[in-house]
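Encoded as structure tokens, the structure appears first; notes follow it.
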Amino acid sequence: MAQSSVLVFNMGVFISTLFLLEFGADKIIDHSAAVASRIGVSEVLVGLLTAGAEWEELAVVIASLAQGRSSIALGNVVGASISNILGAFSLGLLCFNADEVEFERSERLYSLILLILTTLVAPIIYFPAPLTWRACGLILTISFSIYFLVVALDVAKAVIQAQEGADSEDSDPEDDDSVAGSDTELLSGNSSIRRDRERSLGYHATRLIFGFLAISLAGYVLSQATINIIDQLGISDVLFSVVILAIATTLPEKFIASMSGYRGHFGIMVASCAGSNIFLLSICCGIIMIQSNGHLDGGNVTLTELAVLWVSTAAFTTTIWFGVKYVRWIGAAMLVGYIAFIILEFTIIHRIVD
């Protein structure tokens, strides 16, 4: 029987943590765009390393596995992947200030990578054979490491190129010939400009880190509070992890997508969705497969849930490649689909009590 004091406390924790989520999401949006502008790199690349990295989800997965609840970890990965598209990305589309938007080549590329990854991983999840899971877990973990390294190198390359460009602007040979006698003043002025630029980049980078830490902490606290609430109510592991826990842990993505769409930072919005799901279906799923070795303590996700995951991913990729018009209508359709999925989870796909 549920203890009312425990429920009230965890509900209070849940609600109060939402404010921390909003704070962190706001910092990530503003300062991700600023950092991208300062270093001359696409918002998509910066977003993949910040808003698109589900570090809070990884914390939840590790905590669930440590508690011997692998079904919660896997259900959260699948549910969060669905929620990122049908819940978060749809809100971003609804918040657009225009009916048409042009997505960049890099955004199309990462959406296609996500579709390919989902197509390969979904069938493996449904058939938890020990040998297959361990091998696939290793492949997914190594693949994510390569993917993350490539993105990080692209960002580092952009930073180096931006610095070289700044250095070349600081030294103009024509100025050296024509402005004799003022070298000291020029060097002093250029040094001052460089210091201001570095200070500005450092300021935005620091605030970006604060925002990242805020949503990571908030996501972990929210997930733990949700686990306590659902344990008190006696709902099955897979059901609450696919729906309730997934909604709780993807609240940062919903805030980020909504504010990104409203403020016109389309690259961050797409990177948040694509990067988050690539993170979930590679490193998070890989760790689950390696640790559980195909033995799930509370049951596997259903074929219907995996089908919804693939269809929503295909809809996301199609929108990025072809659906540049009527984005609000697409967002509305996705959101309605997500609400219908949640209703079906409670009424048909799963029962509230095992």
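In this chain, numbering begins with 1 at the start of the sequence shown.
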May I ask whether Val150 and Leu140 are part of the same hydrophobic cluster, defined by side-chain heavy atoms of I, L, V, M, F, W, Y residues being less than 4.5 angstrom apart, directly or through others?
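As far as the 4.5 Å side-chain criterion goes, Leu140 and Val150 are not connected within one cluster.
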
Verify same cluster id: Val243, Leu91 (apolar side-chain graph, 4.5 Å):
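Different clusters: Val243 never reaches Leu91 through Ile, Leu, Val, Met, Phe, Trp or Tyr contacts under 4.5 Å.
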
Just so I know, are the side chains of [X] and [Y] near enough to count as touching, which here means a heavy-atom distance under 4.5 Å?
{"X": "Thr319", "Y": "Met334", "result": "yes"}
{"X": "Phe127", "Y": "Thr132", "result": "no"}
{"X": "Tyr147", "Y": "Phe279", "result": "no"}
{"X": "Ile247", "Y": "Ile342", "result": "yes"}
{"X": "Ser90", "Y": "Ile85", "result": "no"}
{"X": "Pro130", "Y": "His295", "result": "yes"}
{"X": "Asn10", "Y": "Gln232", "result": "no"}
{"X": "Arg328", "Y": "Leu93", "result": "no"}

Would you say [X]'s side chain and [Y]'s backbone share a donor-acceptor pair under 3.5 angstrom?
{"X": "Thr317", "Y": "Thr313", "result": "yes"}
{"X": "Trp321", "Y": "Phe316", "result": "no"}
{"X": "Glu305", "Y": "Thr302", "result": "yes"}
{"X": "Ser145", "Y": "Thr141", "result": "yes"}
{"X": "Asn84", "Y": "Cys273", "result": "no"}

Could you tell me whether Leu149 atom CG has more than 12 heavy atoms of other residues or ligands within 6.0 Å of it?
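Yes, because the 6.0 Å sphere around CG of Leu149 holds more than 12 heavy atoms from other groups.
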
Indicate the atoms forming the closest heavy-atom contact of [X] with [Y], along with that distance.
{"X": "Leu306", "Y": "Tyr126", "value": "CD1-CB, 3.5 Å"}
{"X": "Ser81", "Y": "Asn277", "value": "O-ND2, 3.0 Å"}
{"X": "Ala246", "Y": "Ser83", "value": "O-OG, 4.2 Å"}

Atom pair [atom1]/[atom2] of [X] and [Y] - distance to nearest 0.5 Å:
{"X": "Ser292", "Y": "Leu74", "atom1": "OG", "atom2": "CG", "value": "7.5 Å"}
{"X": "Ser143", "Y": "Leu281", "atom1": "OG", "atom2": "CG", "value": "12.5 Å"}
{"X": "Ser71", "Y": "Asn300", "atom1": "OG", "atom2": "CG", "value": "7.0 Å"}
{"X": "Leu280", "Y": "Ile82", "atom1": "CG", "atom2": "CD1", "value": "11.0 Å"}
{"X": "Cys284", "Y": "Leu65", "atom1": "SG", "atom2": "CG", "value": "10.0 Å"}
{"X": "Ile72", "Y": "Leu296", "atom1": "CD1", "atom2": "CG", "value": "11.5 Å"}

Classify the ring geometry between Tyr338 and Phe341 as parallel (under 30°), tilted (30 to 60°) or perpendicular (over 60°).
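If you compare the ring of Tyr338 with that of Phe341, the planes turn out parallel.
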
